[in-house]
Amino acid sequence: PGTVIVLVNMFCLCWMGKCIFETSADEKLIVLKLFYMKIFVGYTCWYLMIPLAVIYAHVMPPWVRYRFVILIELMARLGILVYLSLELWPGKLPSRVAGAELTALRGGNVEVADNGAGIWDHLVTNGIED
């Protein structure tokens, strides 16, 4: 049963990677491509935790195996969750995308800095309010 779980996990990693690369290949905005790559890094770390924990469990002596595997896996998953939470923070991406789309529509450079404003604030301050 453990081998099946690791194999399913690796299948999910490959499928997630394929989907993210196909989606990012269709994007024109550099901001979104970078966003997809950051998410790919976070989820790759997430999916690689189970096989690394299995390998680590085979190396450790049996009397300390459970404690160390659980501790290392929980700490790694906490770190990955913090990373993904920071990358997926509400309002972070919409302001970047809105700024990049508006700049691209005006024929300018697509690289825009994130000023922390929401998408609505950005549209109103640039006079494109409907």
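No single ILVMFWY cluster, assembled from side-chain heavy atoms under 4.5 Å apart, contains both Tyr47 and Leu7. Under the 4.5 Å side-chain heavy-atom criterion for grouping Ile, Leu, Val, Met, Phe, Trp and Tyr, Leu74 is not connected to Leu52 through any hydrophobic cluster. One hydrophobic cluster, built from ILVMFWY side chains closer than 4.5 Å, cannot hold both Ile70 and Tyr56; they sit in different ones. With hydrophobic clusters built from ILVMFWY side chains whose heavy atoms lie under 4.5 angstrom apart, Phe35 shares a cluster with Met37. In the hydrophobic cluster analysis, where Ile, Leu, Val, Met, Phe, Trp and Tyr join through side-chain heavy atoms closer than 4.5 angstrom, Ile55 is grouped apart from Val69.
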Legend entry - Derivation and outcome, side chain to side chain contact (heavy atoms under 4.5 Å, CB included), residues Met75 and Ile72: CA-CA 5 Å; Met75 295 299 287; Ile72 288 172; 5.9 Å; no

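Under a 3.5 Å cut-off, the side chain of Tyr83 and the backbone N or O of Lys38 do form a donor-acceptor pair.
Residue-environment remark: OH (Tyr43) stays at or below the threshold of 12 foreign heavy atoms within 6.0 Å.
Residue Val8 forms a side chain to side chain contact (heavy atoms under 4.5 Å, CB included) with just one option from Ile5, Val4, Val6, and that option is Val4. Each of Val54, Ile50, Leu48 was checked for a side chain to side chain contact (heavy atoms under 4.5 Å, CB included) with Asn9, and the lone residue meeting it is Ile50.
The OG1 atom of Thr23 sits 11.0 Å away from the NZ atom of Lys33 when rounded to the nearest 0.5 Å. Note that CD1 of Ile30 and OG of Ser24 are 12.5 Å apart. Values are rounded to the nearest 0.5 Å. Note that CD1 of Ile39 and CE of Met16 are 10.0 Å apart. Values are rounded to the nearest 0.5 Å. Between the SG atom of Cys45 and the CG atom of Leu81 there is a distance of 11.5 Å, given to the nearest 0.5 Å. Atom CD1 of residue Ile20 and atom CH2 of residue Trp15 lie 11.0 Å apart, to the nearest 0.5 angstrom.
The two residues Ala76 and Met49 have their closest heavy-atom pair at CB-CE, 3.2 Å. The nearest pair of heavy atoms linking Met60 to Arg65 is O-NH2, 3.3 Å.
With ring centers used as reference points, Phe40 lies under 6.0 Å from Phe21.
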